[in-house]
Every structure is written in C-alpha cells, then in structure tokens.
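One structure below.
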Amino acid sequence: MTDKYQPSNGTEGDWFCSQWCEKCARDAWMNGTSTVDEASDNDELCDILVRTMAYSLNDKEYPDEWIRDKDSGPRCTAFIPVGEEVPRPRCTKTEDMFGEAKS
C-alpha cells in the first residue's frame, strides 16, 4: 500500500531532498548544475518540489509523485538521475488517439 508523503519537519525534508531532489535531473538548482536564477529562466525547476512546499498533503494540488510505501519508504516516483534526459510533458490540448498516454 502506498500513501502520499510529506516530510513531518524541516530536518526530514532536508533528508528527503538530499536523497532524491539533489540527485534528480528535474531540478537544475537542487542538483547543483545551475544557479536558481538560470534554472528559473530556463524552466529547470521541479514543479513537484514547488507544489510540496506550497500545498498541504490533503490539497488536490499536492503532488502524487511523493509517496511512502512499506517496502521502499519515502520516495519520488518521478525521479530521473542527473545526466538522463527529462521527458517532455505530454500536450494537454492534444487528444490521446491510441490510449497510450499516461496522465
């Protein structure tokens, strides 16, 4: 069974970010490959991380990607190791004609 995950305090949040966000290609500032200004200008900041800080766990906007399960503990299901390419998001205005798109 998996549940949405939100760190209980700043120390736990720092630990989670050091294990996931700082090693993820989705956020150039967190992983140290860019300054915050450059990452912001180039749309290289992780929307998932931003939403975890802006919303409460029970808000519909809180990301589904941060989860906790019995076997793995807290993790981000959208993690992409630094150096790998971040997939472009699917266009929400284009109909999925073949049933292959994942929302």
Side-chain angles (χ1 to χ4, degrees):
M1 179 174 169
T2 61
D3 296 312
K4 284 187 177 183
Y5 169 73
Q6 185 174 47
S8 61
N9 57 48
T11 302
E12 186 178 344
D14 284 345
W15 170 84
F16 185 88
C17 287
S18 73
Q19 298 300 303
W20 296 99
C21 306
E22 291 178 12
K23 300 172 185 174
C24 184
R26 290 186 183 275
D27 195 302
W29 177 61
M30 286 295 291
N31 69 33
T33 59
S34 183
T35 68
V36 71
D37 291 332
E38 292 169 342
S40 180
D41 289 346
N42 296 322
D43 198 28
E44 295 176 327
L45 296 175
C46 180
D47 181 60
I48 297 165
L49 178 59
V50 170
R51 289 184 290 133
T52 64
M53 295 183 193
Y55 299 103
S56 297
L57 186 64
N58 295 320
D59 291 337
K60 68 177 183 162
E61 295 88 357
Y62 192 85
D64 294 327
E65 292 86 355
W66 280 24
I67 64 168
R68 177 195 316 262
D69 63 31
K70 186 178 104 177
D71 297 327
S72 301
R75 62 189 168 103
C76 180
T77 60
F79 176 77
I80 298 173
V82 172
E84 291 188 20
E85 189 172 334
V86 178
R88 292 179 50 173
R90 182 181 174 280
C91 176
T92 58
K93 307 237 187 277
T94 303
E95 183 178 340
D96 178 18
M97 297 171 46
F98 305 104
E100 296 174 0
K102 294 180 182 179
S103 305

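Since the model is a prediction, treat every value here as computed from it, not as a measurement.
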Which atom names give the shortest non-hydrogen contact between [X] and [Y], and what distance separates them?
X: Cys17; Y: Met30; value: CB-CE, 3.6 Å
X: Leu49; Y: Asp27; value: CD2-OD2, 4.0 Å
X: Ala78; Y: Ile48; value: CB-CD1, 3.5 Å
X: Ala39; Y: Ser34; value: N-OG, 3.3 Å
X: Trp29; Y: Thr35; value: CD1-C, 3.8 Å
X: Pro74; Y: Trp15; value: CG-CZ3, 4.1 Å

If the condition is ring-ring contact (aromatic ring centres under 6.0 Å, His included), which residues does Tyr55 pass it with, not counting sequence neighbours? none
Among all residues two or more places apart in sequence or in another chain, which pass the ring-ring contact (aromatic ring centres under 6.0 Å, His included) test with Tyr62? none
For Glu84, enumerate each residue passing the side chain to side chain contact (heavy atoms under 4.5 Å, CB included) test, keeping only those at least two apart in sequence or located in another chain. Ile80, Pro81
How long is the gap from CD on Glu38 to OG on Ser40, to the nearest 0.5 Å? 11.0 Å
Supply the atom-to-atom distance Ser56 OG to Gln6 CD, rounded to the nearest 0.5 angstrom. 6.0 Å
Side chain Asp59, main chain Glu61, donor-acceptor under 3.5 Å: no
Show every ring pair (Phe, Tyr, Trp, His ring centres under 6.0 Å) that has at least one partner inside residues 68-88, sequence neighbours left out. Trp20-Phe79
May I have all residue pairs that pass side chain to side chain donor-acceptor pair (under 3.5 Å) and include part of residues 41-52, sequence neighbours excluded? Asp47-Arg51
For side chain to side chain contact (heavy atoms under 4.5 Å, CB included), just list the numbers for Arg75 and Asp69, CA-CA rounded to whole Å, side-chain angles, deciding distance to a tenth of an Å, and then say yes or no. CA-CA 8 Å; Arg75 62 189 168 103; Asp69 63 31; 2.8 Å; yes
Does the side chain of Pro7 reach to within under 4.5 Å of the side chain of Trp66, using non-hydrogen atoms? yes
Ignoring hydrogens and geometry beyond distance, is a side-chain donor-acceptor pair present between Thr33 and Asn31 at under 3.5 Å? yes
List in chain and number order the residues that pass salt bridge (Lys or Arg N to Asp or Glu O under 4.0 Å) with Asp3, two or more places apart in sequence or in another chain; answer none if no residue qualifies. none
